Amino acid sequence: MEEKKLPSRQENYSEWYNQLVLRSEMADYAPVRGCMVVRPYGWALWENIQKALDNRFKATGHVNAAFPLLIPQSFMTKEKEHVEGFAPELAVVTHGGGEKLEEPLVVRPTSETIIGTMYAKWIQSYRDLPVLVNQWANVVRWEMRTKLFLRTLEFYWQEGHTAHATEQEAIEETERMLDVYADFAINEAAVPVIKGRKSETEKFAGAKATYSIEAMMGDTKALQSGTSHFLGQNFAQAFDIKFLDENNQLQFCWTTSWGISTRFIGAIIMTHGDDQGLILPPRLAPIQVVVVPIYRKDEEKALVMEKVEEVTKALSAFRVKVDAREGLTPGFKFNDWELKGVPLRIEIGPKDVQNGTLALARRDIPGRDGKSFVPMAGCTQTVADMLETIQASLLTKATKFRDDHIFEVESYEQLKDVVNDKGWAVGWWSDDRENEAKIKEETRATLRCYAPSEGEGVCFFTGRKTNKKAYFARGY
RNA sequence: CGGGGUGUAGCGCAGUCGGCUAGCGCGCUGCGUUUGGGACGCAGAGGUCGACGGUUCGAGUCCGUCCACCCCGACCA
């Protein structure tokens, strides 16, 4: 290990992030530029994210399926805006089995086109609707600049694709899944997110409307952490997804798509992490409790390990890891597990054996303040309560941080000031593409999403009356 | 694609006025002592110095070409 300590977030946030991802063994750089290897610890976190999301998808009536990785290139060109949006970042397969292919195949950057093609085949009648399918998959987008988890050439995600008989139903689905994402983010990951609609400039290529959940990272930058698209009949028309309604009239379907990716791991890291390392929310943490045995002599070891055994048995309802590595000092192990963000640590030493106690150390409260000695009897409940407390306090802390860094602005000058180093700006906004582009060019801040608003106000940029409000921030 | 940086042991680096056996720290292996906030001693293992070409008696070091990766911008989940 080169340096024992991570760079602090203050001195170099980006470097803090990069080193943390590598050193916590979440991910590593792959041999190909811009690609990453998700290591077992990172993948275990992703699996927990998957479970939490998948349960919610099933509970809202969705089923999983798997569509192919390779898509005929011609599919990509059928929806005009879609092709314009994705053409620059496609990976294309031109050869197979040593032969040049008749038609090149693109590696899916997203699956609307292939899934739309299949839906056209499967949907005939209003009785076939709605179709509510999700797939867990990897996709490839040839990005220019990459960063572990946040933007890599290949990433893992889920993409839901639904088809409905009416516009209203499709809109409701779009909103429902946005709510599902927000519920997951807030209640599982303790990542407070803001739900909102994207501007015309920022919306998905081919969508009628895009909604997103936006999270604030530790450096106050915004991260789009999940998206839900109302596709109208755009893809239905491009891929000929039609059905006969009750009146024997041929109609185009209304479709939606929505996704959350491994980028969300980045959101968790940058929402909760501190200078000591990761802090993982208990509900998603691969390891919820780490037990560190402490002893000097063999006699002590025997007694301590006996107690460790007892405790892990009592904690079988949790994801527990015993760090029995020999030859490492307790201090080293404490730092190691703090780097890896395990929410709760239990120390068991000779004193505890003698007193019938356990030493608990909360990851979210560093140092002495986070330590407590509790009776071993009843530790199952103590740990359960403690994990709940940690989960809740992470959310409270992150929410406060976010709210402390969002500022109402009434002028462009104020926005520039806020967005430069203070956080997010929110203000009345007379929606205009050109002005939005200008703000982006001059401040590097983008319109993250529209904010809830009541009545009318004066646009901070144009001075015109408007009924819309919007968040602006620099983003990832 | 523009700007910056880096390629020498698993990781981090030194060596770059050409010179003989390529070095340091961490990590790794073995043994011993340690262990309640990043332990220590001793003994070891580990290298086609990013690739190709050139100059030279001699190249990690000089020259040329190429490649790769990282960071900062334009593009994006």
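Letters A, B, ... mirror the listed sequences (proteins, then strands); counts begin at 1. Please read these numbers as outputs of a predicted model, since none were measured by experiment.
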Peer 1: What about the rings of A:Trp43 and A:Tyr41, do their centers lie closer together than 6.0 Å?
Peer 2: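 That pair fails the under 6.0 Å test.
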Peer 1: So A:Phe264, base contact, sugar-phosphate only, or nothing? Heavy-atom distance under 4.0 Å.
Peer 2: nothing
Peer 1: Select base, sugar-phosphate, or nothing to describe what A:Leu223 touches, counting heavy atoms under 4.0 Å on all strands.
Peer 2: nothing
Peer 1: Whole-Å distance between B:C72 P and A:Arg474 CZ?
Peer 2: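 Atom CZ in A:Arg474 sits about 14 Å away from atom P in B:C72.
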Peer 1: Which whole-number value in Å describes the distance from A:Leu22 CG to B:C69 P?
Peer 2: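 My rounded result for the distance is 15 Å.
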Peer 1: Examine the side chains of A:His229 and A:Thr210 and answer whether a donor and an acceptor come within less than 3.5 Å of each other.
Peer 2: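 Yes, a side-chain donor-acceptor pair sits under 3.5 Å.
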Peer 1: Starting at CZ of A:Arg33 and ending at P of B:A68, how long is that distance when rounded to a whole Å?
Peer 2: 10 Å
Peer 1: Between A:Trp258 and A:Thr256, do the side chains contain a donor N or O and an acceptor N or O under 3.5 Å apart?
Peer 2: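 A:Trp258 and A:Thr256 do have a side-chain donor-acceptor pair below 3.5 Å.
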Peer 1: Would you say A:Asn18 places a side-chain N or O within less than 4.0 Å of OP1 or OP2 belonging to B:C70?
Peer 2: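 So the side-chain polar atoms of A:Asn18 never come under 4.0 Å of the phosphate oxygens OP1 or OP2 of B:C70.
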Peer 1: Given that A:Val32 and A:Gly226 both sit by RNA chain B, which one's nearest nucleotide is further toward the 5' end?
Peer 2: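 By nearest-heavy-atom nucleotide position, the 5'-most residue is A:Val32.
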Peer 1: Which is true for A:Ser225 with a 4.0 Å heavy-atom rule: it touches a base, it touches only sugar-phosphate, or it touches nothing?
Peer 2: nothing
Peer 1: What about A:Phe472 and A:Trp429, are their ring centers closer than 6.0 Å?
Peer 2: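 Between A:Trp429 and A:Phe472, which both carry aromatic rings, the centre distance is below 6.0 Å.
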Peer 1: Heavy atom of residues 347-371 of chain A under 4.0 Å from RNA chain B: which residues?
Peer 2: A:Glu347, A:Gly349, A:Pro350, A:Lys351, A:Asp352, A:Ala359, A:Lys371
Peer 1: Using a strict threshold of under 4.0 Å (side-chain N to carboxylate O), is an ion pair present between A:Glu306 and A:Lys301?
Peer 2: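 A:Glu306 and A:Lys301: not salt-bridged.
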Peer 1: Taking the P atom in each of B:C66 and B:G30, what is the distance between them to the nearest angstrom?
Peer 2: 48 Å
Peer 1: Distance between the P atoms of B:G60 and B:U21, in whole angstroms?
Peer 2: 11 Å
Peer 1: From B:C71, B:C76, B:G38, pick the nucleotide closest to the side chain of A:Gln276?
Peer 2: B:G38
Peer 1: So, is the end of the A:Lys208 side chain (NZ or CZ) under 6.0 Å from the ring centre of A:Phe230 and within 45° of the ring's axis?
Peer 2: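 Output no; distance or angle outside limits.
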Peer 1: Return the 5'-most residue of the pair A:Phe334, A:Glu143 with respect to RNA chain B, ranking by each residue's nearest nucleotide.
Peer 2: A:Phe334
Peer 1: Using the C1' atom in both, what is the distance from B:G46 to B:G3, to the nearest Å?
Peer 2: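 After rounding to an integer number of Å, I get 39 Å for this pair.
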Peer 1: Can a salt bridge be assigned to the pair A:Arg23 and A:Asp336 using a cut-off of 4.0 Å between side-chain N and carboxylate O?
Peer 2: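 Judged by the 4.0 Å cut-off on N to carboxylate O distance, A:Arg23 and A:Asp336 do not form a salt bridge.
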Peer 1: Side-chain atoms of residues 78-88 of chain A: list all donor-acceptor pairs with protein atoms under 3.5 Å, sequence neighbours left out, distances to 0.1 Å.
Peer 2:
residue: A:Glu79; atom: OE1; partner: A:Glu81; partner atom: N; Å: 3.0
residue: A:Glu79; atom: OE1; partner: A:His82; partner atom: N; Å: 2.9
residue: A:His82; atom: ND1; partner: A:Ala205; partner atom: O; Å: 3.0

Peer 1: I'd like the C1' distance from B:A59 over to B:G18, given in whole Å.
Peer 2: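 Result for the C1' pair: 7 Å, nearest Å.
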Peer 1: Between P on B:G73 and NZ on A:Lys221, what's the gap in Å once rounded to a whole number?
Peer 2: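 Whole-Å distance recorded here is 6 Å.
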Peer 1: In terms of side-chain heavy atoms of A:Arg444, which of B:G73, B:C76, B:C71 is nearest?
Peer 2: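 The nucleotide sitting nearest to the side chain is B:G73.
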Peer 1: Honestly, is A:Arg151 close enough over A:Tyr476, meaning NZ or CZ under 6.0 Å from the six-membered ring centre and within 45° of the axis?
Peer 2: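 No, A:Arg151 does not lie over the aromatic ring of A:Tyr476.
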Peer 1: May I ask you to list the residues of residues 280-304 of chain A, by number, that have any heavy atom positioned under 4.0 Å from an atom of RNA chain B?
Peer 2: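 Here the set is A:Ile294, A:Tyr295, A:Arg296.
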Peer 1: B:C76 P sits how many Å from A:Glu154 CD, rounded?
Peer 2: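 In whole Å, B:C76 P and A:Glu154 CD are 21 Å from each other.
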Peer 1: Strictly below 4.0 Å: does A:Arg145 bring a side-chain N or O up to OP1 or OP2 of B:C75?
Peer 2: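 No.
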Peer 1: Can you check the distance between B:C49 and B:G44, where both ends of the measurement are the C1' atom (answer in whole Å)?
Peer 2: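 Roughly 23 Å separates the two C1' atoms.
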Peer 1: Rounded to whole angstroms, how far apart are CD on A:Glu15 and P on B:U6?
Peer 2: 15 Å
Peer 1: When the side chains of residues 368-376 of chain A are checked against the rest of the protein, which donor-acceptor pairs come out under 3.5 Å, sequence neighbours left out?
Peer 2:
residue: A:Lys371; atom: NZ; partner: A:Glu347; partner atom: OE1; Å: 3.2
residue: A:Lys371; atom: NZ; partner: A:Glu347; partner atom: OE2; Å: 3.0

Peer 1: Just how far, in rounded Å, is P of B:C76 from CD of A:Glu84?
Peer 2: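 These atoms are roughly 12 Å apart.
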Peer 1: OP1 or OP2 of B:C72 less than 4.0 angstrom from a side-chain nitrogen or oxygen of A:Ser14, does that happen here?
Peer 2: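 Yes.
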Peer 1: Is there a Watson-Crick or G-U wobble partner for B:U55 with both distances under 3.5 Å, and if so, which one is it?
Peer 2: none
Peer 1: If we take the C1' atom in both B:G47 and B:U33, what is their distance in whole Å?
Peer 2: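 Each nucleotide's C1' atom is 33 Å from the other's.
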Peer 1: Can you tell me the pairing partner of B:U34 across any strand shown, Watson-Crick or G-U wobble, with both distances under 3.5 angstrom?
Peer 2: none
Peer 1: Can a cation-pi geometry be assigned to A:Lys147 and A:Phe149, taking NZ or CZ under 6.0 Å from the six-membered ring centre and within 45° of the ring axis?
Peer 2: no
Peer 1: Salt bridge or not for A:Arg56 and A:Asp183, using N-O below 4.0 Å?
Peer 2: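 A salt bridge is present here (some side-chain N lies under 4.0 Å from a carboxylate O).
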Peer 1: Near A:Lys321 NZ, under 6.0 Å, is it more than 12 heavy atoms from other residues, nucleotides or ligands?
Peer 2: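 It does not: A:Lys321 NZ has 12 such atoms or fewer within range.
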Peer 1: Suppose you measure atom P in B:A45 against the same atom in B:C13; what distance do you get, rounded to whole Å?
Peer 2: 26 Å
Peer 1: Closest approach to the side chain of A:Arg151, judged atom by atom: which nucleotide of B:G37, B:C69, B:C76 is it?
Peer 2: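 Selected nucleotide: B:C76.
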Peer 1: Pairs under 3.5 angstrom, nitrogen or oxygen only, protein versus nucleotides 28-33 of chain B, please.
Peer 2:
none

Peer 1: Partner lookup for B:U61, please. Criteria are Watson-Crick or G-U wobble with both distances under 3.5 angstrom; report none if nothing qualifies.
Peer 2: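 None - no nucleotide pairs with B:U61, as no candidate has both distances under 3.5 Å.
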Peer 1: Which part of the nucleic acid, if any, lies within reach of A:Thr152 when heavy atoms closer than 4.0 Å are counted: base, sugar-phosphate only, or nothing?
Peer 2: base
Peer 1: Would you say A:Arg176 and A:Thr174 are linked by a side-chain donor-acceptor pair, where the criterion is simply a distance under 3.5 Å?
Peer 2: no
Peer 1: Both distances under 3.5 Å, Watson-Crick or G-U wobble: report the partner of B:G73, or none.
Peer 2: B:C1
Peer 1: For the pair made of CZ in A:Arg23 and P in B:G38, what is the distance, rounded to whole Å?
Peer 2: 16 Å
Peer 1: When you compare B:U61 with B:A22, how far apart are their C1' atoms, in angstrom units rounded to a whole number?
Peer 2: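 Approximately 11 Å lies between the C1' atom of B:U61 and that of B:A22.
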Peer 1: Could you please name the partner base of B:A45, counting Watson-Crick and G-U wobble pairs only when both distances are under 3.5 Å?
Peer 2: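 Pair assignment: B:A45 / none.
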Peer 1: Where the side chain of A:Thr329 is defined as all heavy atoms beyond and including C-beta, which of B:G37, B:G73, B:A39 is the nearest nucleotide?
Peer 2: B:A39
Peer 1: My understanding is that a pair needs two contacts under 3.5 Å, Watson-Crick or G-U wobble. By that rule, which nucleotide pairs with B:G10?
Peer 2: B:C26
Peer 1: Is a donor-acceptor pair below 3.5 Å formed from side chain A:Glu338 to base B:G38, judging by atom type as modelled?
Peer 2: no
Peer 1: Return the set of residues passing salt bridge (Lys or Arg N to Asp or Glu O under 4.0 Å) with A:Lys397 (not counting sequence neighbours), or none when no residue passes.
Peer 2: none
